[in-house]
Amino acid sequence: MDRELRVARRRLLQSRWRDMAAALGAFAVSGGLLAILVSSWPFAAGLVVGAYLGVLTVMLLVLLAIADGSVLPRLGRAFEGMVGDELDKAPGVLAVVSGVSFAHRDVDHVVLARGGCFAVEVKASFGRRNGRGEVPDLDSKLAQTRNGARQIELLLASRGVPLPVSPLLILAGSGAPDMAAIGRYGDVLVGTLRNSDAWRSALMGLDSHHLDEVTARTAAAELSAFCQERTGYELANPR
């Protein structure tokens, strides 16, 4: 993602340099007006100028981040990391492999636990807190989680570790609903980062397929090997 953001920033600077120059000119004019204002109260010059420059720097960084689309992806990645930390601490978890990347999608986490194998998709929403039935694009999120689980199941089978994989959707962010217990939408299990205790403890026995440690370690090793192969391929074939 970092490489894509750098490309987006470069394209932004090339295509919108006139607008940015106009914005800088406006800031310069405001700075001149500020200087005139400060000259009337020289004892406050240091404080006022420092505050002005600090606000100006933060505004420029925020505007650039919003313009190149990096704010929400970075927040999303932060939530994925938080869920990964919760998974590592969950009872009964034998291994967690994060960031399993495919050609057109990636799976945030694959959890190998006593209760089975789970493909975890983390989705963040912001704004006011939604009810369980008000999650934006819930059907799309469920479909993506389901497809990710299927992809992991096919991958493991192709590498000699046939395992049923259960899809698990974790909702994060201020807009995620309160879910005191884990929910089920068809074959997709749904929980929230806010109520992590509900799904962390449930990994022990959510699935009827109980996974032994040897199989879990073998599956984790195969997934890690695939991630390394995929990274090598992406480095050798940059976009």
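For clarity, every value in this text was computed on a predicted model and none was experimentally measured.
Scored by the side chain to side chain contact (heavy atoms under 4.5 Å, CB included) test, Pro162 finds no partners at all (sequence neighbours excluded). Residues passing the side chain to side chain contact (heavy atoms under 4.5 Å, CB included) test with Asp85, sequence neighbours excluded: none. A search for salt bridge (Lys or Arg N to Asp or Glu O under 4.0 Å) contacts involving Asp88 returns nothing, not counting sequence neighbours. A search for salt bridge (Lys or Arg N to Asp or Glu O under 4.0 Å) contacts involving Glu222 returns Arg159, not counting sequence neighbours. For Asp187, the side chain to side chain contact (heavy atoms under 4.5 Å, CB included) test picks out Arg146, Pro167, with sequence neighbours left out. Checked against side chain to side chain contact (heavy atoms under 4.5 Å, CB included), Asn195 has the following partners two or more places apart in sequence or in another chain: Asp178, Met179, Thr192. Listed by chain and number, the residues in a side-chain hydrogen bond (donor to acceptor under 3.5 Å, both in side chains) with Asp212 are Thr215 (sequence neighbours excluded).
Linking Ile, Leu, Val, Met, Phe, Trp and Tyr whenever their side-chain heavy atoms come within less than 4.5 Å leaves Leu163 and Leu94 in two separate clusters.
The shortest distance between side-chain heavy atoms of Val120 and Val110 does not fall below 4.5 Å. Taking 4.5 Å as the limit, every side-chain heavy atom of Leu156 sits out of range of all side-chain heavy atoms of Leu154. You'll find the side chain of Val111 stays beyond 4.5 Å of the side chain of Cys117, heavy atoms only.
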Margin query: Leu193 vs Glu86, test: side-chain contact (heavy atoms from CB on, under 4.5 Å). Steps then yes/no.
Written below: CA-CA 9 Å; Leu193 179 59; Glu86 294 291 333; 4.1 Å; yes
Margin query: The test is side-chain contact (heavy atoms from CB on, under 4.5 Å); show your working for Phe226 and Ile152 and say whether it passes.
Written below: CA-CA 11 Å; Phe226 173 79; Ile152 294 296; over 6 Å; no
Note to self: Between Leu169 and Leu138, is the side-chain contact (heavy atoms from CB on, under 4.5 Å) condition met? List the steps.
What the structure shows: CA-CA 10 Å; Leu169 172 63; Leu138 180 59; 4.2 Å; yes
Next item on the list: Please report the C-alpha distance between Val83 and His109 in whole Å, then the side-chain angles of each, then the deciding distance to 0.1 Å, and finally whether the side-chain contact (heavy atoms from CB on, under 4.5 Å) criterion is met.
Entry: CA-CA 9 Å; Val83 171; His109 307 285; 4.1 Å; yes
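Between the CG atom in Leu171 and the CZ atom in Phe79 there is a gap of 11.5 Å [rounded to 0.5 Å]. The CG atom of Leu87 sits 7.5 Å away from atom CG of Leu168, with the distance rounded to the nearest 0.5 Å. Between atom CZ of residue Phe118 and atom CD1 of residue Ile170 there is a gap of 10.5 Å, rounded to the nearest 0.5 Å. Here CG of Asn147 is found 10.0 Å from CD of Glu121. Values are rounded to the nearest 0.5 Å. Rounding to the nearest 0.5 angstrom, the gap separating the CD atom in Glu213 from the CG atom in Leu112 is 11.0 Å. Note: Tyr185 OH to Leu142 CG = 7.5 Å, rounded to the nearest 0.5 Å.
No donor-acceptor distance shorter than 3.5 angstrom exists from the side chain of Ser140 to the backbone of Asp137, with no hydrogens or angles considered.
Annotation: salt bridge (Lys or Arg N to Asp or Glu O under 4.0 Å) contacts involving residues 91-101, sequence neighbours excluded, are absent.
Listed here is the closest heavy atom pair of Ser166 and Ala149: C-CB, 4.2 Å. Among all heavy-atom pairs drawn from Ala198 and Ala180, the shortest one is CB-O, 3.4 Å.
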Result block: side-chain N/O donor-acceptor pairs under 3.5 angstrom for residues 99-108, not counting sequence neighbours:
unit_1, atom_1, unit_2, atom_2, d
Ser101, OG, Glu234, OE2, 3.3
Arg105, NH1, Gln151, OE1, 2.7
Asp108, OD2, Val122, N, 2.7

